Amino acid sequence: MLDIKRLREAPDVIRQAVRNKNEKGSVDAVLEADTRRRDIIVEVEQLKNTRNVVSQDIARLKKEKQDADGKIAEMKIVSDRIKELDEELRDVDAGLREGLLMLPNICHESVPVGGSAVDNLELRSWIPEHTMGINEDPEHPVLDHVELGRKLDILDFDRGAKLSGSGFPLYVNQGATLERALINFMLDTHLREHGYREVFPPFVVNTESMYGTGQLPKMSEDMYRCADDDLYLIPTAEVPITNMYRDEILDEAQVPTYFCGYSACFRREAGSYGKQTKGFLRVHQFNKVELVKFVRPEHSYDELESLVGNVERVLQLLEIPYRVLLLCTGDTSFSSAKTYDIEVWSPAEGAWLEASSCSNFEDYQARRANIRFRPEGQGSKPQFVHTLNGSGLATSRLMVAILENYQTPDGKIIVPKPLQPYTGFAMIG
RNA sequence: GGAAGGGUGGCAGAGUUGGUCGAUUGCGCCGGUCUUGAAAACCGGAGAUGGGCAACCAUCCGUGGGUUCGAAUCCUACCCCUUCCGCCA
């Protein structure tokens, strides 16, 4: 949620920023509601002041056994008017909040203006030696991850579909072990090398939490909902982890705090059928290790850089080719002010696959979720924290990259070295 | 699923014959005295949100509704938490 003051002070800037993000929330409707709201407040507060003052008089008169009937009758009229105005104020407030919730976060000035993915900026790429020239041998064309998974009996998409429907992967044998190893390796790396604290969150959350991080109200059709209990399956661990501190005031010492946690992630992917649905490329359930930071406002952009660095470190250790993109305004998500995507290379698809998205939300989520901290020093008022998060990383796309980049000419898979202590084997097949 | 208890300021915890209760107190916090420094002790300060944005004013005691001139205090509906019992992993 944006600060209403920003809208009042620079409505044109916000209007343009909303357009740059391809969003259609109305700045004018919000401003209109805001004006009306303040008018009502002025009037109703005056009346309430009268009522408070006169009520004191009434109390005094009664104590002195004097007649107060006239004043009481007078206040009855005032009270009725207050009730009317309060009701209107409640409606205006609700409308204002609704309008504000539909406005996206405003992108940082360093974000390139652009309409879609084609305007994203590739910042750097990293290609490990062992993957170079992998699909240049005409005798042994690379196999894609689905084929490798079937041949080696480690991924069973057909039975996954039987159990739950397409998009619910079933890992078997060494595939299941590899998946588990990957999760543990990533967690350990972030915990031991990057100073994160571990959390293991619930996989379902309530409505308030979904509003807090900005999934609601906009993304409701993309989430699985348990209607009987009014709970949602999380689309990412960002939701429970960021909401840990919802409606709390943190101590100075708790900022910054870095959290790292694994969760399964559930996405309906409504409306995206038909594109890239093969195997792991687009799934309804996947595993992800998530990084979340709560930081001081003045450090959040430095924290974003180090967050990206933490993610890159995992890919370098695993020796997987990747590139880093700075998303343009049109491709930056609703709640984010600046986002880097990290994509891994799939030699079989001949394409980069998004495996991580690292964002600085500034105070947008903190304002929605009411997460503040109290700076030290005299006269210190609570201030909104800045929140950041990034996938560190999603295993589905990573699994594609591992299987395809580590395949041997005879159809086996070499397990990346740092995963071998976790799997207990060095080769699949 | 059954029963009981409870939701108050950063935390803990008082406050029900409705009327200076935004609320006693303790801890924590900030400033000061003392000290080489710190602790302890003592003195003082400080809630949050909103409107003017200075004085000041309004709102906030789980949430909504009601009674009343006036409610943390009375009525009502709902939500959440804790404990116990039953059932199950």
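What you see is a predicted model; the values in this text were computed from it and never measured.
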Visitor: Is A:Asp93 salt-bridged to A:Arg90, cutoff N-O under 4.0 Å?
Guide: no
Visitor: Relative to the 5' end of RNA chain B, which residue comes earlier, A:Ile41 or A:Ile249, by the nucleotide with the nearest heavy atom?
Guide: A:Ile249
Visitor: What integer distance in Å separates A:Arg60:CZ from B:G19:C1'?
Guide: 13 Å
Visitor: Closest-nucleotide mapping onto RNA chain B: is A:Gln56 or A:Asp34 further toward the 5' terminus? I mean the 5' end.
Guide: A:Gln56
Visitor: How close or far is atom C1' of B:C78 from atom CD of A:Glu208, stated in whole angstroms?
Guide: 13 Å
Visitor: Could you tell me the separation between the CG atom of A:Asn206 and the CG atom of A:Asp229, rounded to the nearest 0.5 Å?
Guide: 11.5 Å
Visitor: So among A:Glu252, A:Glu362, A:Glu303, which one has a salt bridge (Lys or Arg N to Asp or Glu O under 4.0 Å) with A:Arg296?
Guide: A:Glu252
Visitor: May I ask you to evaluate whether A:Arg51 reaches the phosphate of B:U68, defined as a side-chain N or O under 4.0 Å from OP1 or OP2?
Guide: no
Visitor: Tell me which nucleotide among B:G51, B:A48, B:G19 gets nearest to the side chain of A:Lys5.
Guide: B:G51
Visitor: Any idea which heavy atoms bring A:Phe280 and A:Arg397 closest together, and the distance?
Guide: O-NE, 4.0 Å
Visitor: Using atom P of each nucleotide, how far apart are B:C69 and B:C53 to the nearest Å?
Guide: 36 Å
Visitor: NA contact type, A:Ile58, heavy-atom cut-off 4.0 Å: base, sugar-phosphate, or nothing?
Guide: base
Visitor: So A:His194 and A:Tyr196, would you call those rings parallel, tilted or perpendicular, with 30° and 60° as cut-offs?
Guide: perpendicular
Visitor: Once hydrogens and angles are ignored, does a donor-acceptor distance under 3.5 Å link the base of B:G50 to the side chain of A:Glu45?
Guide: yes
Visitor: Can you pull every protein N or O that's under 3.5 Å from an N or O on nucleotides 63-66 of chain B?
Guide:
{"residue": "B:G65", "atom": "OP1", "partner": "A:Arg90", "partner atom": "NE", "Å": "3.3"}
{"residue": "B:G65", "atom": "OP1", "partner": "A:Arg90", "partner atom": "NH1", "Å": "3.0"}
{"residue": "B:G65", "atom": "OP1", "partner": "A:Arg90", "partner atom": "NH2", "Å": "3.0"}

Visitor: So do the side chains of A:Met223 and A:Leu216 get within less than 4.5 Å of each other, counting heavy atoms only?
Guide: yes
Visitor: Tell me the interatomic distance from A:Asp86, atom CG, to B:G70, atom P, rounded to whole angstroms.
Guide: 12 Å
Visitor: May I have the distance from A:Ile82 (atom CD1) to B:U59 (atom C1'), rounded to whole angstrom?
Guide: 12 Å
Visitor: Closer than 4.0 Å, any side-chain N/O of A:Ser79 to the OP1 or OP2 of B:U68?
Guide: no
Visitor: In whole Å, what is the span from the CG atom of A:Asp229 to the P atom of B:C79?
Guide: 13 Å
Visitor: Counting only side-chain N and O atoms of A:Arg8, is one of them less than 4.0 Å from OP1 or OP2 of B:G51?
Guide: yes
Visitor: Does a side-chain N or O of A:Asn49 approach OP1 or OP2 of B:A58 to a distance below 4.0 Å, or not?
Guide: yes
Visitor: Ignoring hydrogens and angles, state whether a donor on the side chain of A:Asn105 or A:Ser336 is under 3.5 Å from an acceptor on the partner side chain.
Guide: no
Visitor: Expressed as a whole number of angstroms, how long is the span from A:Leu89:CG to B:U59:C1'?
Guide: 10 Å
Visitor: Using the P atom as the reference point in each nucleotide, state the distance between B:G65 and B:C57 in Å, no decimals.
Guide: 26 Å
Visitor: Using atom C1' in both nucleotides, what's the gap between B:G19 and B:G70 to the nearest angstrom?
Guide: 7 Å
Visitor: Would you sketch RNA chain B in dot-bracket for me? Only Watson-Crick or G-U wobble pairs with both distances under 3.5 Å count, crossing pairs as [ ], other-strand pairs as |, the rest as dots.
Guide: ((((((((.[[[..)...(.....]]].(((((.......))))).(((((....))))).[[[[[..)....]]]]])))))))....
Visitor: Quick one: A:Arg372 CZ to B:A48 C1', roughly how many Å, whole number?
Guide: 7 Å
Visitor: Check whether the ring centres of A:Tyr232 and A:Phe266 lie less than 6.0 Å apart, and answer yes or no.
Guide: no
Visitor: Rounded to the Å, how far apart are A:Asp247 CG and B:C11 P?
Guide: 11 Å
Visitor: Distance check, C1' atoms only: B:G7 and B:U73, in whole angstrom units.
Guide: 15 Å
Visitor: For B:U68, does either OP1 or OP2 sit under 4.0 Å from a side-chain N or O belonging to A:Lys76?
Guide: no
Visitor: Output yes when at least one side-chain N/O atom of A:Asn52 is less than 4.0 Å from OP1 or OP2 of B:U59, else no.
Guide: yes
Visitor: Think A:Arg38 has a side-chain N or O under 4.0 angstrom from the OP1 or OP2 of B:G52?
Guide: yes
Visitor: Are the side chains of A:Gln383 and A:Pro375 in touch, meaning some heavy atoms are under 4.5 Å apart?
Guide: yes
Visitor: For B:A77 versus B:G5, give the span between their P atoms, rounded off to a whole number of Å.
Guide: 16 Å
Visitor: Please check if the distance between the ring centroids of A:Tyr245 and A:Phe373 is under 6.0 Å.
Guide: no
Visitor: Heavy-atom distance under 4.5 Å between the side chains of A:Val44 and A:Glu88, does that happen here?
Guide: no
Visitor: Just call it for A:Arg37: base, sugar-phosphate, or nothing, with non-hydrogen atoms closer than 4.0 Å on any strand.
Guide: sugar-phosphate
Visitor: What interatomic distance, in whole Å, is found between C1' of B:A14 and the corresponding atom of B:G1?
Guide: 36 Å
Visitor: Considering only atom C1', compute the distance from B:G22 to B:G47 and round it to an integer number of Å.
Guide: 8 Å
Visitor: P atom, B:A48 versus B:U24: distance in rounded Å?
Guide: 15 Å
Visitor: When rounded to the nearest 0.5 angstrom, what distance separates CD in A:Glu84 from CZ in A:Arg81?
Guide: 5.0 Å
